[in-house]
Amino acid sequence: MNRIDRKFAELREQQKPAFIPFLTIGDPDVRTSIDVIKELEKAGAAMVELGVPYSDPLADGPVIQRSSMRALKVNRITILDCISAAKQARSEGCELPFILFTYFNPVLQTGLDRIFSLLQESDISGLIIPDLPMEEDEEVRALAKKHGIHLIPLVAPTSRERVQKIASRASGFVYCVSSLGVTGTRTEFHSGVDEFLQTVKASTNLPIAIGFGISTPEQYARFAKTCDGIVVGSALVKKVEEALPLLTQDVTKSQGLLQINEFVRKLMGN
């Protein structure tokens, strides 16, 4: 059984939502990203999205864009570095399911067959490609199925009549976008978000996770009542950004990691 399926089954029995943090790999460096992944596991994360830094990220807001630029400029991080980070974290005892979050161009440049072989080899359980439309995903979908990797779709409130089709073809879980526009912290969500979540739930037997903009314990608690998973990206990446002065010095790295741990626990209400 895929690690993602196992984790959702386990949490369903405990009647808890899956906390799914997003992390830009390579910001400030790959070694620190691995340390943060391990810290997220300690803090109670259920699985983690490994963000591949990209120069033209259509779905990402300013916080994640800045982290991508740092990772690209300073360390020239590639999709292969991100896959390698997952492999290293696993070799150091991390049990979290890994989900690679990347745009399609790095996948294409590396080669579809090669990417999927590497994902399987590195024990990465899921793949999210936000700029790959359903109408063009046949080859990727077939390879994902062959290698036992979930191709996880994003579905937005604007998807309307496409919701059922997207959800029915999903694998692993359905990633529901809470708001219109790019990622980033928010004080308000799309006015029809609850109705939208009900529509998605009615279209699939898979777990549903919500993301884009969740940044406070109150928002987390709100969606914990109705969703199987909660994705937190910009708020966590911002916390990493704030902790950079600590994370980039060996003598203070543990303090920076502790700040991230405390932020996650507080967000989850622990």
Side-chain angles (χ1 to χ4, degrees), residues 1-12 18 20-23 25 37 45-52 54 58-59 78-87 89-90 94-156 159 161-177 199-211 227-229 231:
M1 188 192 266
N2 185 297
R3 281 180 187 265
I4 291 172
D5 303 327
R6 264 206 310 271
K7 182 53 76 173
F8 273 118
E10 182 189 306
L11 289 169
R12 196 173 291 126
I20 310 171
F22 168 99
L23 191 66
I25 302 301
I37 290 166
M47 51 195 82
V48 62
E49 285 183 17
L50 311 174
V52 177
Y54 190 55
L58 302 176
T78 68
I79 191 169
L80 299 179
D81 294 321
C82 298
I83 293 170
S84 174
K87 195 172 188 177
R90 185 74 74 227
C94 184
E95 291 293 324
L96 290 178
F98 296 133
I99 301 160
L100 194 74
F101 186 108
T102 179
Y103 291 88
F104 189 53
N105 193 45
V107 174
L108 201 57
Q109 295 297 321
T110 310
L112 291 179
D113 287 315
R114 185 181 177 205
I115 281 288
F116 278 99
S117 295
L118 287 169
L119 292 176
Q120 187 176 23
E121 224 176 84
S122 305
D123 198 7
I124 292 174
S125 305
L127 178 64
I128 297 173
I129 308 176
D131 61 341
L132 179 64
M134 176 181 67
E135 293 80 8
E136 296 168 27
D137 72 359
E138 204 172 311
E139 191 179 358
V140 173
R141 179 174 299 283
L143 281 165
K145 193 173 181 184
K146 178 185 167 186
H147 290 274
I149 291 157
H150 288 316
L151 183 63
I152 299 156
L154 265 68
V155 60
S159 302
E161 69 284 345
R162 287 161 55 87
V163 167
Q164 195 161 3
K165 198 168 181 186
I166 294 169
S168 68
R169 288 156 54 92
S171 178
F173 64 91
V174 181
Y175 186 148
C176 302
V177 175
T199 302
V200 179
K201 271 188 176 177
S203 307
T204 183
N205 294 321
L206 291 175
I208 69 162
I210 189 162
C227 296
D228 305 290
V231 181

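Basis for what follows: all heavy atoms, side chains included, without hydrogens, waters or symmetry-related copies. All residue numbers refer to positions in the sequence shown, counting from 1. Computed from a prediction, not measured in an experiment: that's the story for all the values here.
- To the nearest 0.5 Å, the span separating CE on Met134 from CG on Leu151 amounts to 12.0 Å.
- Closest approach of Tyr103 and Pro130 over heavy atoms only: CE2-CG, 3.5 Å.
- Of the residues listed (Leu154, Val140, Val107, Thr102), the one engaging Leu132 in a side-chain contact (heavy atoms from CB on, under 4.5 Å) is Val140, and it is the only one.
- Nearest approach of Leu143 to Phe116, heavy atoms of both residues: CB-CD1, 3.6 Å.
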Query - Check against side chain to side chain contact (heavy atoms under 4.5 Å, CB included), Asn105 and Asp131 - result: CA-CA 9 Å; Asn105 193 45; Asp131 61 341; 5.8 Å; no
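- In this structure, Ile152 and Gly126 approach most closely via the heavy-atom pair CD1-CA, 4.2 Å.
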Query raised in the report: Where do Glu136 and Phe104 land on the side chain to side chain contact (heavy atoms under 4.5 Å, CB included) test, with the steps shown first?
Result: CA-CA 11 Å; Glu136 296 168 27; Phe104 189 53; over 6 Å; no
Query - Steps toward side-chain hydrogen bond (donor to acceptor under 3.5 Å, both in side chains) verdict (Thr78, Asp81) - result: CA-CA 5 Å; Thr78 68; Asp81 294 321; 3.2 Å; yes
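- Checking side-chain atoms of Arg141 against main-chain N and O of Arg169 turns up a donor-acceptor pair under 3.5 Å.
- Few gaps surround CD on Gln120; more than 12 heavy atoms of other groups in view lie less than 6.0 Å from it.
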Query raised in the report: Can Arg162 and Glu135 be said to form a salt bridge (charged side-chain N to carboxylate O under 4.0 Å, His left out), step by step?
Result: CA-CA 11 Å; Arg162 287 161 55 87; Glu135 293 80 8; 2.4 Å; yes
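- Between atom OG of residue Ser84 and atom CD1 of residue Ile25 there is a gap of 10.5 Å, rounded to the nearest 0.5 Å.
- To the nearest 0.5 Å, atom CD1 of residue Ile124 and atom CD1 of residue Ile99 are 10.5 Å apart.
- Pairing each heavy atom of Ser168 with each of Lys165, the nearest pair is OG-O, 2.9 Å.
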Please table the atom pairs, donor to acceptor, closer than 3.5 Å between any side-chain atom in residues 200-207 and protein atoms at least two apart or in another chain.
unit_1: Lys201; atom_1: NZ; unit_2: Thr226; atom_2: O; d: 2.5
unit_1: Ser203; atom_1: OG; unit_2: Thr199; atom_2: O; d: 2.8
unit_1: Thr204; atom_1: OG1; unit_2: Leu206; atom_2: N; d: 3.0

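- With values rounded to the nearest 0.5 angstrom, Ser122 atom OG is found 6.0 Å from Ile83 atom CD1.
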Query raised in the report: Can you check side chain to side chain contact (heavy atoms under 4.5 Å, CB included) on Asp228 and Phe173, steps first, answer last?
Result: CA-CA 9 Å; Asp228 305 290; Phe173 64 91; over 6 Å; no
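- The side-chain heavy atoms of Met47 and Arg3, taken from C-beta on, include no pair separated by under 4.5 Å.
- Summarising the geometry, atom NZ belonging to Lys87 is positioned 11.5 Å from atom CG belonging to Leu80; distances are rounded to the nearest 0.5 Å.
- Side-chain N or O atoms of Thr110 include one that pairs as donor or acceptor with a backbone N or O of Pro106 at under 3.5 Å.
- Closest heavy-atom contact between Ile4 and Pro97: CG1-CB, 3.9 Å.
- The aromatic rings of Phe101 and Phe22 lie perpendicular to each other, with more than 60° between the two planes, well past the 30° mark.
- Shown here is Arg114, whose CZ atom has no more than 12 heavy atoms of other residues, nucleotides or ligands within 6.0 Å.
- Taken to the nearest 0.5 Å, the NE2 atom of His150 stands 3.5 Å off from the CG atom of Asn2.
- The nearest pair of heavy atoms linking Cys82 to Gly51 is SG-O, 4.0 Å.
- Partner Leu50 forms a side-chain contact (heavy atoms from CB on, under 4.5 Å) with one of Ile37, Leu23, Ile79 and no other, that one being Ile37.
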Report task. Just do the side chain to side chain contact (heavy atoms under 4.5 Å, CB included) check on Glu49 and Ile128 with the steps written out, would you? Result -> CA-CA 9 Å; Glu49 285 183 17; Ile128 297 173; 3.8 Å; yes
